[in-house]
Amino acid sequence: MGLANAQRTLDYIRVITEFISQPEYAPVVPIFGIINEPIVTGIGVDQIASFYLQAHDTIRSITGKGKGKGPFISFHDAFRGLAAWKDLFPGHDRVALEAHQYLAFATVDRTSLADQVDKPCRTWAAAMNSSWTDFGVSVAGEFSLAINDCGLWVNGIGIGTRWEGTLAGSEAAGAGDCTEWTNWRNWGQQTKDNFKAFALRNFDALGHWFFYTWKVGASSVTGKVESPMWSYQLGLQQGWIPSNPTQSTGLCGNTSPAQPLTPEMVGAAGPGEISASVRAQYPWPPAQLNPGGLNPNSVRVYTATGAIPTLPVPTPTIGTVDGWYNDADTRPIYTPIAGCSERILFVLQ
């Protein structure tokens, strides 16, 4: 994303934090996922950690520290797995870890749906519970009921699927037919029951989750939902997603139960402090930028001279909502330097 774009992203995080920390909105937004799916192989572990630490400090400089002061800050696992981050920033203030758990994009599994019902328990339950115990709040920020990548544009527009062997690089997996998995109107009761059992085991294995997505719109060509394994609403309507998700409790056997969160993990023990040694390990800007170990002092950056924007507030409104929680936060926004080309080096992908 480039160092300049990282500066700009931190300001976007700042503006959003100012808005959602207002007392009128704070109860509605208890957790803030600051960035979606950074890819560690292109950016680097230390570089992502440096960005995360700077985001943590940016947010807490606005909200203050300790229970009830601003939302939890959610960091994506950058596809490293939750366990890789269990020692991240000891002394942090209310940080959550987030993983996006999908079976659809893994190796093609042509066993029956019935044979895959327990797969979420085998694949995710232990890791999610361990992270809850070792790190603290750990959630599945995305998942679906897709056991394969069938569905309209699931992989992208017009690029095919692994299941059918039409996605580049998937030809060796053979050629299946997606009709069985997209034509939900023909699903019998047994298929719906198997999906419901699969859904419940996902719920139990993941523990704390956000489904992707609530609603998939009908195709303008066929007039029906063409990605049924991705629509929570459709599953509720058609009976393969339960109306009461708590029916899932214990279905994975609870063989590696999570331990209760400690007061420190939820900010109830008072504000913690990230040590000077950790801060020295993850400076901002990072000591080097990828690719190529670039020196951050040699790349183009923005300057903090821009006018501060605020998110618009609804009208009519009541109270003191003005889009900005902390009036002491007055630093100008990062903006391109006048007279300098806006072309920058994309050193973080």
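In this text, all values refer to a predicted model and were calculated from it rather than measured experimentally.
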If you define the side chain from C-beta out and look only at heavy atoms, does anything of [X] sit under 4.5 Å from [Y]?
X: Trp324; Y: Gln22; result: no
X: Phe32; Y: Ser74; result: no
X: Thr335; Y: Thr303; result: yes
X: Ile241; Y: Lys196; result: no
X: Asn148; Y: Met229; result: yes
X: Phe72; Y: Pro30; result: no
X: Pro286; Y: Asp46; result: no
X: Glu98; Y: Asp77; result: no

Checklist entry - Regarding Thr222 and Glu226, is there a side-chain donor-to-acceptor distance under 3.5 Å anywhere? => result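 Side-chain D/A pair, Thr222 to Glu226: present.
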Item to check | Check: Lys192/Gln189 side-chain N/O donor and acceptor closer than 3.5 Å | outcome: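 The answer is no; no qualifying pair exists.
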Checklist entry - Should the pair Arg110 and Trp163 be classed as cation-pi, given the thresholds of under 6.0 Å to the six-membered ring centre and 45° from the axis? => result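 Flagged: Arg110 positioned over aromatic ring of Trp163.
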Check whether any side-chain N or O of [X] sits under 3.5 Å from a backbone N or O of [Y] as a donor-acceptor pair, and report yes or no.
X: Asp149; Y: Thr161; result: no
X: Ser50; Y: Ile48; result: no
X: Gln116; Y: Thr111; result: yes
X: Ser61; Y: Thr58; result: yes
X: Ser131; Y: Ala127; result: no
X: Asp93; Y: Gly66; result: yes
X: Glu171; Y: Gly169; result: yes
X: Arg279; Y: Ser275; result: no
X: Arg94; Y: Gly70; result: yes
X: Tyr52; Y: His76; result: yes

Are there over 12 heavy-atom neighbours, none belonging to [X], within less than 6.0 Å of that residue's [atom1]?
X: Tyr232; atom1: OH; value: yes
X: Phe143; atom1: CZ; value: yes
X: Lys224; atom1: NZ; value: yes

Checklist entry - Should Met128 and Phe210 be counted in the same cluster of Ile, Leu, Val, Met, Phe, Trp and Tyr side chains packed under 4.5 Å apart? => result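 Unlinked, Met128 and Phe210 end up in two clusters.
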Next on the checklist: Under 4.5 Å between side-chain heavy atoms, counting indirect links through other Ile/Leu/Val/Met/Phe/Trp/Tyr residues: same cluster for Val95 and Met265 or not?
Outcome noted: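 They do not share one cluster, since no chain of ILVMFWY contacts under 4.5 Å joins Val95 to Met265.
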Between [X] and [Y], which heavy-atom pair has the shortest distance, and what is it?
X: Pro242; Y: Ala199; result: CD-CB, 4.3 Å
X: Tyr334; Y: Ala304; result: CD2-N, 3.6 Å
X: Ala146; Y: Trp230; result: CB-NE1, 3.5 Å
X: Val117; Y: Phe198; result: O-CD1, 3.8 Å

Item to check | Candidate pair Ser298 and Asn295, rule side chain to side chain donor-acceptor pair (under 3.5 Å), full reasoning | outcome: CA-CA 6 Å; Ser298 67; Asn295 185 332; 5.2 Å; no
Next on the checklist: Quick check: Phe195 with Trp184 (ring centres under 6.0 Å apart)?
Outcome noted: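 Not under 6.0 Å, so no.
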Do the rings of [X] and [Y] sit parallel, tilted or perpendicular, given the 30° and 60° boundaries?
X: Phe89; Y: Phe75; answer: perpendicular
X: Tyr25; Y: Phe19; answer: tilted
X: Trp209; Y: Phe203; answer: parallel

Checklist entry - With a 4.0 Å cut-off, would you call Arg14 and Asp11 a salt bridge? => result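 Salt bridge: yes.
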Item to check | Partner of Ile73 under side-chain contact (heavy atoms from CB on, under 4.5 Å), chosen from Ile59, Thr17, Ile31, Ile13 | outcome: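 Exactly one pass, corresponding to Ile59.
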